[in-house]
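Structure first, commentary second.
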Amino acid sequence: MNSAEKLCLACGLCCDGTLFDNVRLGPRDDAPALKALGLPVEVTRGRTPVTLFRQPCAALCADRTCRVYADRPGQCRAFECGVFKDAQAGRIAFATALRSVKNARRKADTIRRLLRQLGDTDEHRSLGDRFRRTQRRLESGDPDAAAGAAFAKLGLAVHQFNLLAHEKFHTRAEAP
Ligand code: SF4
Ligand code: SF4
């Protein structure tokens, strides 16, 4: 295992619902086989149905390995974040890449802490889903001062994370 691969084991952000809400399956992916492996594959309703499974990924293990690595979908195979690419190509040192990953994880943890403070404890949903749901709930209600202050902090934390993700990790077009 090389240093860039070790980086992923210290990270997991592209599988745990932090960077992405879901993994979309393509025509070459075997949806029934992935379902049989325990991934909650579904087809979305609407004009253009999409076959996907939601993150945090059910195949992500506690040690951040992928339980279905040999059979993972094409988009998981294709995705490499900017930090990984830079480390793999030797453009940045492994220690620098690790610092970026740890910084991103810290920022994501701040978002999770604020979401919990605001009453969203659903760790089985992606960070993006949880933020949007909390935003809808608070904006349609009449939050007290403490909730209003926590929501302001949450908005700032999400904004800062999105800037970092955009700069160092991904563009939406690369989503697995
Ligand atoms: S976000 Fe990058 S460093 Fe983190 S697990 Fe995914 S590819 Fe690896
Ligand atoms: S299938 Fe594996 S690589 Fe793909 S999101 Fe899940 S844990 Fe990550």
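Atom set for the values below is all heavy atoms of this structure, side chains included, hydrogens, waters and symmetry mates excluded. Ligands are counted one by one from 1 in listed order, and the atoms in each one are counted from 1 as well.
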Fill in the blank from the handout: Per-atom filter on ligand 2: closer than 4.0 angstrom to a heavy atom of C66 are 1 (S), 2 (Fe), 3 (S), 7 (S)

Completion exercise
Closest to atom 6 (Fe) of ligand 1 among protein heavy atoms sits C14 SG, 2.3 Å

Completion exercise
Between the NZ atom in K102 and the CG atom in L7, the distance rounded to the nearest 0.5 Å is 10.5 Å

Practice task
Indicate yes or no: does R105 engage D16 in a salt bridge with an N to O separation below 4.0 Å.
Solution key: yes

Practice task
For atom CG of D142, decide whether the heavy atoms of other residues, nucleotides or ligands shown that lie under 6.0 angstrom number more than 12.
Solution key: no

Fill in the blank from the handout: The single option from T134, T110, D120 that satisfies side-chain contact (heavy atoms from CB on, under 4.5 Å) with L154 is T134

Completion exercise
Any heavy atom of L19 under 4.0 Å from ligand 1? The part involved is side chain

Fill in the blank from the handout: Among non-hydrogen protein atoms, atom 8 (Fe) of ligand 1 lies closest to C8 SG, 2.4 Å

Completion exercise
One finds that the ligand 1 atoms under 4.0 Å from a non-hydrogen atom of C81 are 1 (S), 2 (Fe), 3 (S), 7 (S)

Practice task
Please determine if atom 8 (Fe) of ligand 2 has an N/O/S atom from C15 lying under 2.8 Å away.
Solution key: yes

Practice task
Answer side chain, backbone, both or neither: which part of V68 comes under 4.0 Å from ligand 2, heavy atoms only.
Solution key: side chain

Handout entry: N/O/S from C11 sitting under 2.8 Å away from atom 4 (Fe) of ligand 1
Key = yes

Exercise for the section: Using a 4.5 Å cut-off on heavy atoms from C-beta on, say whether the side chain of P73 contacts that of L34. Expected result: yes

Handout entry: Check: R54 side chain, E42 main-chain N or O, donor-acceptor pair, under 3.5 Å
Key = no

Problem - Protein residue, atom and distance nearest to atom 5 (S) of ligand 1, heavy-atom basis - result: G12 N, 3.4 Å

Exercise for the section: Report, as yes or no, whether the 6.0 Å neighbourhood of atom NZ on K107 holds more than 12 heavy atoms from other residues, nucleotides or ligands. Expected result: yes

